[in-house]
Amino acid sequence: MVNTYYPTSYEEALELLNTHKPTIIAGGTDLMVRKRAWSDLPTGFDQDVLFVGQLEELNYIDRQGTNIHIGAGVTLEDIMDHFHTPTLLSDAIKIMASPAIRHRATLAGNVVNASPAGDTLPVLYVLDSVVVLESLDGIRHVPIDSFIKGPGKTIINHNEMIKEIILSGHKFNHSVYRKVGGRKADAISKLSVCMIMDIKKGIIQNFRAAFGAVGPTVVRDLAIESKLIGKSLAWLDENVEEIGKYYESIIKPIDDQRSSATYRKACTINLLTDFIKHIKHHA
Amino acid sequence: MVLDISKSINKVDNFEKITGTAKYIDDIKPEGCLYARTLRATIPCGRIVSRHYPDMPEGYAIVDHQDITGQNFVKIIFEDMPVFVEETVNYYGEPILLVVGEDKATIVSLMNQISIQYETYEPVYDYVDSKIHKSYIKGQGEAVFDKAYKVIEHTYETGYQEHVYIEPQGVIALYEPDKVSLLGSIQCPYYVKNALMNVLGCNEEEVRVEQATTGGAFGGKEEFPSLIACQAVVASKKMKRPIKLIYGREEDMAYTTKRHPAKIKIEAAISKDHEIIGLRTHVGLDGGAYIGLSGVVLLRAMIAATGAYTINHLHITGDVYITNTVPTGAFRGFGAPQMIFAVEMMMHHIAKELNEDPSTLRMKYLAKTGDVTSTSGHFIEPIIMEKMIQRAMEISDFEHKIKKHKHERINKDSHKGVYKGIGMSWFLHGCGFTGSGEQVHIKAVVRLKKDELNRVHILVAATDMGQGVKTTFRKLIAHKLNIPIEQVIFENPDTDKVPDSGPTVASRTMMIVGGLLAKAADQLKHQWNDQKEVMVEERYKQPEHIKWDDETLQGDAYPAYSWGINIVEVEVDPVTFEVTLQGVWSVYDVGKAIDEQVILGQADGGLLQGISYGMLEVMENKDGRVQQKTVTDYIIPTAKDTVFMETELMDNPYALGPYGAKGAGELTLIGGAPAVALAIENAIGKHVTRIPVVPEYIMELMKNG
Amino acid sequence: MVEVRFELNGETVIAKEDPTKRLLDVIRTSFGLTGPKEGCGEGECGGCAVLIDHKIMNACITPLGNVHGKSVVTIEAFAKTQRGQTIRKAFEAHGAVQCGICTPGMVIATESLLHANPHPTEAEIREGLSGNLCRCTGYNMIVKAIQSLVEKEGSLW
């Protein structure tokens with residue numbers, strides 16, 4: 001049996017973290033599944049456990065300038081319903097898991113879990129999110145794409161925890177989040193996409209696209225995104241297929257028990273080109 | 001005035017189930033109970049060359065084939081499936097032994113100390129090793145193909161379907177010095193009892209089997225529980241203690257029976273004037289590692305070879321292939337869902353290839369009262385399908401939608417629109433055991449006992465697994481005897497108290513067992529004596545006019561048939577190929593509903609199982625191992641995946657059923673897959689030849705089809 | 001963490017067990033409340049649903065430590081409340097129960113939904129039930145039962 005700690009303040013949590021280097025549990029909805037054992041037996045945690053879900057200091061959503069700060073303790077349900085929450089993120093949460101999970105799970109948990117199929121991740125990539133890590137040594141701001149290194153792998157240190165996640169509150173002309181799962185709720189993504197585009201006077205000002213569950217981490221390619229900026233809609237129309245082909249060459253999905261690599265790739269590209277055609281149609 | 005029996009009443013077990021007080025198997029823990037966990041083979045095919053068992057602390061034991069005092073096979077039809085592996089391993093996960101004891105952590109640690117060495121053989125996964133072959137002909141058989149102007153041929157494939165009863169498998173062996181009692185989440189107490197007598201090598205009096213409140217079964221608790229019941233009682237005998245053996249979800253999904261995957265090849269002989277003059281059909285079922293009930297499943301599939309149609313010349317063959325995979329078994333519909341899918345698709349594909357309207361072509365061959373069945377028996381009872389079809393088309397606005405969708409498809413804006421489609425299936429289901437099963441094998445016996453307090457006890461082995469038989473049987477007897485339902489008692493069956501009225505399977509419970517109970521009630525009425533206990537008994541007798549030959553598979557395969565129409569409307573996303581249900585309509589003839597709401601509940605649940613079999617539920621084997629073994633990865637629908645289902649029942653009373661009732665439980669599942677597959681086919685304009693029609697397959701069809 | 005103190009069905013209880021244990025095992029085994037069922041053990045089927053501070057959660061993936069200082073209500077206690085009985089009657093009248101193994105969870109989901117939103121649309125009802133799998137009913141009669149509550153008993157929530 002491992003030791004468990006139940007701090008009453010964030011400060012105490014950081015101290016416990018520093019001393020014991022425990023596993024952190026907020027909602028526990030991912031960890032408890034991963035560590036599950038035969039019924040009635042203790043779960044299979046091999047390190048001490050630190051409960052943080054109760055820390056009120058982490059239960060906040062603030063707007064600072066154009067940025068939204070979401071505390072690590074806020075549940076998905078509360079994020080989904082909050083007026084500061086960007087629509088794209090609400091959209092992603094709405095079709096995530098089920099009410100019972102959303103009542104307990106946190107955004108920070110979804111991030112640190114670093115699953116290739118993490119439902120909120122493509123949105124966080126597109127919103128240029130920053131993960132704020134804190135330890136007794138201080139605070140670090142790490143962009144989401146540097147924070148997640150691979151399936152289940154992040155750069156978090158043993159004495160650090162996520163304090164909050166900062167994301168852009170910018171409103172885009174066109175944006176879409178789509179998750180494709182095996183069913184309409186309670187599903188793990190086969191793939192998910194998040195895309196935005198700002199257009200002013202027929203010229204692309206901003207384009208971002210992030211794809212989930214089609215590689216070891218979310219795929220976002222800044223090089224092609226910047227290539228599109230300054231281009232006209234007419235150019236976009238002519239180059240839809242080229243853009244699709246480019247993304248096709250960089251996403252590397254796998255076959256697994258939920259879908260096939262072929263489907264994941266084709267469907268992702270379909271969603272991308274559909275988004276672009278849709279913009280052309282509505283601009 | 002006696003109320004119409006169909007008028008619904010509050011189900012008798014509603015209160016305890018809604019308030020959480022009903023006790024399911026995992027809610028029960030007898031005094032002194034030990035836990036058991038299964039050690040399984042880690043190769044798909046081969047033999048055990050050596051075993052190393054750790055020293056056991058006191059109170060813990062390994063229970064394996066050497067502890068079996070009777071015979072080491074699970075008695076059902078064939079003597080092929082062992083209770084515990086002795087030497088040969090035939091599928092990945094095959095049970096080798098149990099570790100039993102009081103503390104679960106100790107059990108887990110002991111299991112980790114066991115080592116088994118194997119020699120592996122080349123496994124077989126293809127349809128090559130036929131263990132059962134059957135065939136029959138009707139009319140001129142395949143000779144009619146000589147007269148064919150044209151032959152249309154298609155092969156249809158269906159995948160596994162997992163039951164996903166929300167309560168996993170579980171049994172508790174109770175120990176008494178001279179007796180073994182088994183309590184379990186089971187469909188068929190007497191199947192279990194017979195298996196236990198065989199594995200223990202003991203007499204009837206030494207074994208008692210009782211059903212615990214059962215959290216869903218759908219066929220999955222027909223024959224499978226006999227395996228774990230045998231294991232648990234062998235352990236209980238050895239330890240002289242109660243043994244609790246409950247499966248977790250992954251264990252249940254990976255290592256218990258599923259619906260047989262099937263490959264069905266149909267050739268249709270077409271005459272010069274576009275008549276379907278004959279069919280030549282072969283159905284291959286993947287039986288998994290052991291035959292189990294596969295032969296009977298095959299028979300039901302083969303008999304359904306013409307679905308709801310009459311075709312005059314048939315040559316029907318079928319094989320059960322043995323593979324090194326988890327055994328397949330009973331599942332609501334029992335071979336019919338595979339064949340009805342194939343037949344319904346085939347009729348459409350023939351119509352398309354002959355350039356005819358599918359509905360018109362199908363109507364031409366629709367079976368009518370008096371027609372000769374596939375096995376050359378007769379549809380003796382009235383068939384009211386034409387009326388049902390008309391009604392189903394009316395409530396779904398079918399013809400209008402067919403035209404509308406076609407119009408919309410042609411004018412579709414490529415990136416705005418969705419593909420819309422509607423599909424309709426017609427089907428039948430034979431009620432009761434196939435052929436001479438009821439007469440020769442089951443020989444059902446039922447009893448009614450009136451006690452001194454004038455309460456009437458229903459003594460049958462029928463189990464309520466959610467389908468409501470606790471309510472409908474009590475209602476039936478209360479109506480028959482004109483007494484309040486509270487005066488009728490029907491407990492979970494216990495083989496020490498109830499006779500063998502047969503298993504709760506094959507849509508036989510109301511028609512056959514209920515029919516016998518209704519006759520017993522008539523008898524009881526005559527013998528009623530307020531002062532005394534009265535016991536009456538009825539035994540099954542095949543109706544005189546029903547003839548069947550087990551060798552040639554000729555005659556009346558079933559005493560009666562229930563009929564159904566399903567209509568499903570879908571939208572297919574042109575970008576992701578995801579399918580969304582838009583509407584679901586059904587009309588059924590189940591004779592007469594003993595409780596309308598109970599039947600409508602069967603209709604809703606059965607049809608959604610059928611629809612998701614057709615469009616959602618993927619289970620695959622890779623190197624003999626099930627890939628989707630959690631409810632996260634094996635997709636069954638949520639409330640968000642479906643829409644309101646509209647169902648109508650049309651009375652068509654069957655003279656020999658109680659109040660005219662026929663079978664209903666399986667019927668409601670078997671039309672779902674073809675209806676949704678046809679809707680998708682209609683939406684995308686491509687030939688669908690396999691289920692489930694998941695987005696991955698639709699994409700493939702759009703690209704290549 | 002030495003002990004977990006929480007309110008279980010209205011009474012303050014102390015669980016001196018490993019705080020990483022599943023709440024489901026604690027309430028079923030230590031407190032003998034077998035109304036919540038284990039259907040999947042991974043938070044997908046909702047059979048083990050309980051109300052934690054009025055909201056549906058899956059007891060099978062809730063560590064005991066997470067309910068410290070909170071109120072946990074299982075079907076046993078909820079069924080006795082006025083709302084519990086009202087939901088029961090609606091489920092009975094609409095035939096929403098078959099095998100019954102998912103039913104306690106469905107009742108909890110209904111309460112959680114109506115507590116937050118007394119007048120849900122059909123889509124919101126389906127969303128509210130989306131973490132509770134039922135293999136028997138096709139959800140048809142369950143959704144209808146809840147709709148009847150919305151129409152007739154809305155004032156209770």
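Every chain is numbered from 1, with letters handed out A, B, ... down the list of sequences.
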For C:Gly41, is there any backbone N or O sitting under 3.5 Å from a side-chain donor or acceptor partner on B:Arg249? no
Roughly how far, to the nearest 0.5 Å, is the CD1 atom of C:Ile87 from the CD1 atom of B:Ile18? 10.0 Å
Does any backbone or side-chain atom of B:Thr632 lie under 4.5 Å from a heavy atom of chain C? Answer side chain, backbone, both or neither. both
Given a strict heavy-atom distance threshold of 4.5 Å, which part of B:Lys23 is in contact with chain C: side chain, backbone, both, or neither? side chain
For chain B, which of C:Thr103, C:Thr29, C:Thr137, C:Val107 has the most heavy-atom pairs under 4.5 Å? C:Thr137
Of all of B:Asn14, B:Thr638, B:Asp27, B:Thr213, which one pairs up most often with chain C through heavy atoms under 4.5 Å apart? B:Asp27
Main chain of C:Ala93, side chain of B:Gln597: is a donor-acceptor contact present, judged purely on distance under 3.5 Å? yes
If I measure from the heavy atoms of chain C, does B:Ile246 come under 4.5 Å with its side chain, its backbone, both, or neither? neither
Tell me which of these, C:Ile75, C:Leu129, C:Ile125, has more heavy-atom pairs under 4.5 Å with chain B than the rest. C:Ile75
Identify which part of B:Glu250 has an atom lying under 4.5 Å from any heavy atom of chain C, answering side chain, backbone, both or neither. neither
Using heavy-atom distances under 4.5 Å, tell me whether B:Ser612 contacts chain C through its side chain, its backbone, both, or neither. side chain
How about C:Glu76 and B:Thr19: does a side-chain donor come under 3.5 Å of a side-chain acceptor? no
Residue C:Glu122 versus chain B: region with a heavy atom under 4.5 Å: side chain
Given side chain to side chain contact (heavy atoms under 4.5 Å, CB included), test B:Tyr24 with C:Ile101 step by step and report yes or no. CA-CA 8 Å; B:Tyr24 296 81; C:Ile101 196 90; 3.6 Å; yes
Before you tell me yes or no, could you show the steps for C:Arg135 and B:Leu608 under side chain to side chain contact (heavy atoms under 4.5 Å, CB included), namely the whole-Å CA-CA distance, both residues' side-chain angles and the distance that decides it to 0.1 Å? CA-CA 9 Å; C:Arg135 191 61 153 165; B:Leu608 191 59; over 6 Å; no
Over all atoms of both residues, closest heavy-atom pair of C:Gln98 and B:Lys11: CA-NZ, 3.6 Å
Heavy-atom pair count under 4.5 Å with chain B, highest-scoring of C:Cys134, C:Ala79, C:Gly39, C:Pro104: C:Gly39
Cut-off 3.5 Å, side chains only: do B:Asn10 and C:Glu92 have a donor facing an acceptor? yes
First locate atom CG of B:Asp633, then atom CD of C:Glu44, and finally report the distance between them rounded to the nearest 0.5 Å. 8.5 Å
Can you tell me if C:Tyr139 uses its side chain to pair, donor with acceptor, with the backbone of B:Pro637 under 3.5 Å? yes
Minimum heavy-atom distance C:Cys136-B:Phe218, with the two atoms named: SG-CZ, 3.7 Å
Find out whether the Lys NZ or Arg CZ of C:Arg126 is both under 6.0 angstrom from the six-membered ring centre of B:Phe644 and within 45° of the ring's axis. yes
In the structure I gave you, are the side-chain heavy atoms of C:Glu42 and B:Val631 within less than 4.5 Å of one another anywhere? yes
List the steps and the verdict of side chain to side chain contact (heavy atoms under 4.5 Å, CB included) for B:Lys640 and C:Ser130. CA-CA 6 Å; B:Lys640 259 176 103 173; C:Ser130 64; 4.0 Å; yes
For the CG atom of B:Asp26 and the OG1 atom of C:Thr34, what is their distance to the nearest 0.5 Å? 9.0 Å
Neighbour count above 12 (heavy atom, 6.0 Å) for C:Glu11 CD: no
Where on C:Glu124 is there a heavy atom nearer than 4.5 Å to chain B: the side chain, the backbone, both, or neither? neither
Charged N to carboxylate O below 4.0 Å: is that the case for B:Glu646 and C:Lys144? no
Do the side chains of C:Cys102 and B:Lys17 get nearer than 4.5 Å, heavy atoms only? no
Do the side chain of B:Asp604 and the main chain of C:Gly138 share a donor and acceptor less than 3.5 angstrom apart? no
Where does C:Arg28 contact chain B at under 4.5 Å (heavy atoms): side chain, backbone, both or neither? side chain
Taking side chain as everything from C-beta outward and backbone as N, CA, C, O, which of these in B:Met645 sits under 4.5 Å from a heavy atom of chain C? Side chain, backbone, both or neither. both
Which is it for C:Lys37 and B:Glu167 under the side chain to side chain contact (heavy atoms under 4.5 Å, CB included) test, yes or no, and what are the steps along the way? CA-CA 8 Å; C:Lys37 312 294 182 190; B:Glu167 174 204 41; over 6 Å; no
Please check if atom CD in B:Glu102 has more than 12 non-hydrogen atoms from other residues, nucleotides or ligands closer than 6.0 Å. no
If you round to the nearest 0.5 Å, how far is CG of B:Asp252 from SG of C:Cys40? 12.0 Å
